[in-house]
Amino acid sequence: MANRRNNRKSRRNKKRRINKKKLTLLFIVVILFIAGAFKLTQGAISLIKNTSNNKKQTSVVESSNNEYENLPTEVDKNINKKYTILIDPGHGGNDKGTIANDKITFEKDITLKVGALVAQKLTKQKDVQVIISRNEDKYVSLADRAKLANEQGVDALVSIHLNGQTGGTDAFGLETYYTKEKNDGSYELAKQIQETITSYIDVRDRGVKSERFQVLLQSKMPAVLIECGFLTNDEEAKKLNDEAYQESLAEGIAQGILTYLDTNSKK
C-alpha cells in the first residue's frame with residue numbers, strides 16, 4: 001500500500017514538473033510572438049511612411065513638371081526684347097545632383113522649382129525675354145547647356161545649383177561662381193546676384209568665387225553659377241524645401257539679374 005501511495009505521489013510531482021515546463025515554454029513562445037509581431041508592425045509602419053514620402057515627392061515633381069512646361073527653351077524671334085536671359089536649373093533626369101540626408105530630397109527638383117520661379121519673375125519684365133535650359137525633369141549635358149546659350153545668343157546665363165559637403169553636415173551658406181578666364185562682365189553679374197540674394201534672405205554669405213566650371217567656360221556671354229545652399233545640412237535643406245524660402249530666393253536672383261542689366265546698360 002505504501003508503495004502505491006509513493007508511486008501516485010511521484011506521478012503527481014512529475015505532472016507538476018511537466019506542467020511547469022509547459023507553462024514556461026508557453027510563456028517564452030508568447031513573448032517571442034509578441035516581440036515578432038511588434039517588429040512586423042514597426043516595419044509595416046516604416047514602409048507605409050516611406051511609401052507616403054516617396055509618393056509625395058513624386059507628386060511634387062510631377063506637379064512642377066506640368067506647371068513649368070510653358071517656359072520656353074528657345075528664343076522667340078518674333079518677340080523684340082532688349083535682353084535675353086538663360087536660366088539653367090542644374091542636373092535633371094538620372095542626374096539627381098546632391099541628395100539630402102533624408103534620401104528623398106534631390107538637388108535636381110529644387111533647382112527646377114527655383115529656376116522656374118526666377119524665369120517666371122523675369123518674364124514679367126517688358127524688356128526681358130527668358131528661356132530655360134530644362135522645363136521638366138530631364139537630363140541635359142553641361143555642353144548642351146552652354147551650346148544652347150551660345151546658339152540662342154543670350155545676354156547672360158545663370159545656372160542654379162545646390163551645394164553638398166563631403167564627409168560632413170555642418171557647412172552652410174550661399175556662394176556665386178564666375179570664371180576668371182572670361183573678362184566679359186561675369187564677375188560683376190556674380191557680385192550683383194550674390195549681394196542681392198543675401199539682402200533678400202537670411203543666409204550665410206560665402207561670397208563670390210572663381211572656378212573653371214564647364215558651363216561657365218564654354219558659354220560666350222556673362223555666365224554665373226549660384227550654389228544656393230547645402231542640402232547636406234539638415235537645417236538648410238529644410239529651408240531650401242520651403243516654398244516661401246524658394247520664392248524669396250528666386251526674387252533675390254531675379255532682382256540681382258535685373259540690377260546688373262540696368263547697371264550694365266548705363267555704361
Side-chain angles (χ1 to χ4, degrees), residues 64-65 67-92 108 111-161 176-179 181-197 200 208 213-228 246-247 249-267:
S64 298
N65 290 343
E67 183 181 353
Y68 307 144
E69 278 180 355
N70 63 332
L71 293 172
T73 55
E74 291 185 359
V75 170
D76 186 344
K77 295 181 180 178
N78 295 318
I79 299 176
N80 185 20
K81 300 279 185 169
K82 188 174 181 180
Y83 303 107
T84 303
I85 308 298
L86 172 61
I87 300 300
D88 175 39
H91 307 279
K108 67 171 185 173
T111 59
L112 179 57
K113 293 176 188 176
V114 174
L117 286 171
V118 175
Q120 289 167 347
K121 291 176 184 299
L122 291 176
T123 300
K124 295 176 182 178
Q125 303 298 314
K126 63 180 181 179
D127 58 350
V128 178
Q129 182 173 184
V130 183
I131 62 173
I132 194 164
S133 61
R134 65 179 184 96
N135 55 13
E136 59 183 330
D137 183 20
K138 69 175 183 179
Y139 174 76
V140 182
S141 71
L142 296 174
D144 283 342
R145 295 168 192 262
K147 182 180 178 182
L148 175 65
N150 295 333
E151 288 182 346
Q152 297 297 311
V154 304
D155 297 294
L157 181 157
V158 177
S159 191
I160 298 172
H161 288 256
T176 305
Y177 286 87
Y178 73 105
T179 179
E181 276 76 2
K182 294 164 58 181
N183 184 22
D184 58 1
S186 291
Y187 169 75
E188 288 77 13
L189 177 59
K191 185 173 181 291
Q192 188 60 65
I193 289 175
Q194 180 73 18
E195 290 178 353
T196 307
I197 296 174
Y200 268 75
V208 174
F213 291 133
Q214 183 179 349
V215 71
L216 303 183
L217 286 169
Q218 293 183 353
S219 54
K220 299 176 181 178
M221 71 289 300
V224 300
L225 187 149
I226 311 166
E227 293 282 6
C228 297
Q246 291 170 4
E247 182 75 29
L249 177 60
E251 184 67 27
I253 295 171
Q255 291 301 323
I257 295 170
L258 292 172
T259 301
Y260 165 79
L261 293 177
D262 183 56
T263 304
N264 189 59
S265 67
K266 293 177 181 178
K267 289 183 179 180

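Atoms considered below: every heavy atom in the structure, side chains included; atoms not considered: hydrogens, waters and symmetry mates. Here the structure is a predicted model, which is why all the values come from computation and not from measurement.
When all heavy atoms of Thr196 and Gln192 are compared, the pair lying nearest together is OG1-O, 2.7 Å. Nearest heavy-atom pair across Thr123 and Ala119 is OG1-O, 2.6 Å. Residues Gln255 and Tyr200 share a closest heavy-atom pair of CG-OH, 3.2 Å. When all heavy atoms of Ser133 and Leu86 are compared, the pair lying nearest together is N-CD1, 3.6 Å. In this structure, Asp155 and Lys82 approach most closely via the heavy-atom pair OD2-O, 3.9 Å. Across all non-hydrogen atoms, the minimal contact from Ala190 to Tyr178 is CB-CB, 4.2 Å.
Arg134 has its side chain within reach of Leu112: a pair of non-hydrogen atoms, C-beta onward, lies under 4.5 Å apart. Considering only heavy atoms from C-beta on, Asp137 comes within 4.5 Å of Lys108 through its side chain. No side-chain heavy atom of Ile226 sits under 4.5 Å from any side-chain heavy atom of His161. Using a 4.5 Å heavy-atom cutoff, the side chains of Ile253 and Ile160 are in contact. In this structure the side chain of Tyr68 reaches within 4.5 angstrom of the side chain of Lys113, judged on heavy atoms. You'll find the side chain of Ile87 reaches within 4.5 Å of the side chain of Val158, heavy atoms only. Using a 4.5 Å heavy-atom threshold, the side chains of Pro222 and Tyr260 count as touching.
With hydrogens and angles disregarded, a donor-acceptor distance shorter than 3.5 Å links the side chain of Gln129 to the backbone of Asp76. Here the side chain of Ser186 pairs a donor or acceptor atom with the backbone of Ala223 at under 3.5 angstrom. Within the 3.5 Å criterion, the main-chain N or O of Ala146 finds a donor-acceptor partner in the side chain of Asn150.
With rounding to the nearest 0.5 Å, the separation of OH in Tyr177 from CD1 in Ile193 is 15.0 Å. Note: Glu69 CD to Ile132 CD1 = 12.0 Å, rounded to the nearest 0.5 Å. Atom CD of Gln246 is separated from atom CD of Glu251 by 14.0 Å, given to the nearest 0.5 angstrom. Annotation: the span from Gln214 atom CD to Ser159 atom OG amounts to 11.0 Å, rounded to 0.5 Å. With rounding to the nearest 0.5 angstrom, the CG atom of Leu148 is 8.5 Å from the CG atom of Leu157.
Using modelled atom types and a 3.5 Å distance limit, the side chains of Lys182 and Ser219 yield a donor-acceptor pair.
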Kindly determine whether Arg145 and Asp88 satisfy salt bridge (Lys or Arg N to Asp or Glu O under 4.0 Å), including the steps that lead there. CA-CA 7 Å; Arg145 295 168 192 262; Asp88 175 39; 2.5 Å; yes
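Each of Ile257, Val154, Val118 was evaluated against Ile85; a single residue qualifies, Ile257, per the side chain to side chain contact (heavy atoms under 4.5 Å, CB included) test.
Residues Glu247 and Lys121 are paired through a salt bridge, judged by an N-O separation under 4.0 Å between the basic side chain and the carboxylate.
Within 6.0 Å of NZ in Lys81 there are more than 12 heavy atoms belonging to other residues, nucleotides or ligands.
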